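Please read all numbers here as calculations on a predicted model, not as lab measurements. Each chain gets a letter, A, B and so on, in the order its sequence line appears, and its residues count up from 1.
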Amino acid sequence: YNHFPRDLKWKTTNVTFRILNYTPDLKKKVVDRAVRKALNVWSKVTPLRFTKTFDGTADIMISFGTKEHGDFNPFDGPEGLLAHAYPPGIGIGGDTHFDEDETWTEDYHAFNLFLVAAHEFGHALGMAHSSDPGSLMYPVYSYAKGFPLSEDDIEGIQSLYGENPDHEKFKPKPIAPEKCDPELSFDAITELRGETIIFKDRFYWRLHPNMPEPEQTLIKNTWPEIPNKVDAAYENPERDVVIIFSGIKMWALNGYTLVDGYPKYIHKLGLPKTVRKIDAAVNIRDTGKTLLFVDEEYWSFDEQTGTMDTGYPRSIEDDFPGIGDEVDAAAYHYGYLNLYHEHTQFEYSYSARKVVRIMRANSILNC
Amino acid sequence: AYSSAKPISTEEKDKAVLAKKYLQRFYGMPAGLQRPGKSSDLMQQKIREMQEFFKLEVTGKLDDKTVELMEMARCGVPDVAE
């Protein structure tokens with residue numbers, strides 16, 4: 001998180017706000033509700049209290065305008081700039097302006113007024129932009145459900161105003177994982193048309209052969225239909241689909257689009273009902289088999305016949321000596337199975353039937 | 001005289017214009033004319049600042065990823081606190 005220079009903030013925790021005009025995109029009461037909800041995001045985690053006024057000058061003056069709208073800081077028509085706000089202070093300080101050339105909504109279409117307002121009120125209270133892509137104070141718009149503040153946002157605003165003395169329970173969004181954190185473990189790994197996708201928490205890293213820097217993105221920004229948490233994933237190159245597992249459900253992605261008819265239950269693969277989660281999955285391209293790791297055991301699914309091979313489950317420890325008994329994520333490249341557990345990656349040679357190399361899990365992220 | 005210089009393609013020009021506006025608005029790049037050479041150094045430095053902020057690969061160049069990010073809908077407050 002960042003603050004403005006000199007940690008600009010309001011000298012009192014009682015802040016007034018006034019809505020000067022309304023967007024025709026939404027009913028007046030919907031705008032009122034979105035503004036109040038957006039202010040409550042910040043009062044939930046601090047002693048800040050917001051009072052609505054209907055005349056005179058409030059600390060936070062809220063208005064909708066297009067292009068040059070009076071502060072010599074013009075908007076730019078549809079898209080691009082959505083809104084801006086000024087840091088705490090007298091006069092224009094705290095004022096928040098929305099670009100009326102945008103389409104304002106109360107759901108995931110176009111631009112959600114509540115989310116943009118919550119971000120701008122962060123500025124009006126003293127927060128500058130954060131470079132954490134999972135933070136509300138990240139400069140680029142993205143739609144997300146649930147409580148919008150991440151731990152990064154909360155740390156920032158509480159370092160200005162302190163905690164909320166009578167706080168209620170809320171679930172802040174976790175900070176985006178750091179790729180070179182030595183303790184980093186992965187949720188899942190899969191190939192996707194020549195790229196490598198690594199899932200961790202609400203994010204994924206995308207590795208592309210000619211893109212040396214892995215790119216971190218929110219899962220929901222690319223695949224809004226799948227959950228925020230992926231347990232396992234693998235690519236079936238013959239069918240050009242990636243199968244995503246989360247809990248007892250699975251999704252099939254054809255590139256970036258969801259295949260019709262999904263999600264389905266994982267038990268359709270032939271797994272027993274007792275299995276409630278798949279830890280890791282990997283397609284062995286040379287045999288056409290997909291290995292599904294669950295706790296200390298693994299199954300082998302024949303992609304050709306669409307059935308589970310007989311004689312499974314088998315013990316991971318017995319069949320892959322040296323890697324321990326649990327797997328978080330798995331990938332297969334040219335005869336080598338990379339099995340990830342916690343912050344370690346084991347490279348298992350099929351031909352030699354043994355672990356030939358042990359590395360940090362995030363060495364794959366150039367760390 | 002024969003010259004191998006080519007006019008800049010319009011796409012390149014668009015990118016440069018977009019980047020210039022973006023960096024002036026969000027990364028405090030001064031507007032107006034600069035000494036030739038100085039302005040491109042300054043631009044590269046500002047591109048680097050923006051790539052660092054967004055955790056992109058820091059190249060100082062207007063690569064696709066950087067331009068793509070500049071085109072995303074966003075908040076109008078500068079990224080560098082002035």
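The contact between A:Ser130 and chain B is made entirely by backbone atoms, counting heavy-atom distances below 4.5 Å. Residue contact with chain B, scored on non-hydrogen atoms closer than 4.5 Å, is absent for A:Pro78. Residue A:Phe75 does not touch chain B at all, counting heavy-atom pairs closer than 4.5 Å. With a 4.5 Å cut-off on non-hydrogen atoms, A:Glu120 touches chain B through its side chain but not through its backbone.
B:Phe26 carries B:Arg74 over the face of its six-membered ring, with the cationic atom under 6.0 Å from the centre and within 45° of the normal. A cation-pi geometry, defined here as NZ or CZ lying under 6.0 Å from the six-membered ring centre and within 45° of its normal, holds between A:Lys37 and A:Phe114.
Of the listed residues (B:Glu71, B:Lys55, B:Met70), the greatest number of heavy-atom pairs within a distance under 4.5 Å of chain A belongs to B:Lys55. Of all the listed residues (A:Val116, A:Val140, A:Asp99, A:Asn73), the one sharing the greatest number of non-hydrogen pairs under 4.5 Å with chain B is A:Val140.
For residues 207-224 of chain A, the salt bridge (charged side-chain N to carboxylate O under 4.0 Å, His left out) pairs, not counting sequence neighbours, are A:Lys179-A:Glu213, A:Arg206-A:Glu215, A:Glu215-B:Lys65.
Aromatic ring orientation, A:His84 versus A:Tyr86: perpendicular (interplanar angle above 60°, classes split at 30° and 60°).
Applying the side-chain contact (heavy atoms from CB on, under 4.5 Å) rule to A:Tyr108 yields the partners A:Tyr143; only residues at least two apart in sequence or on another chain are considered.
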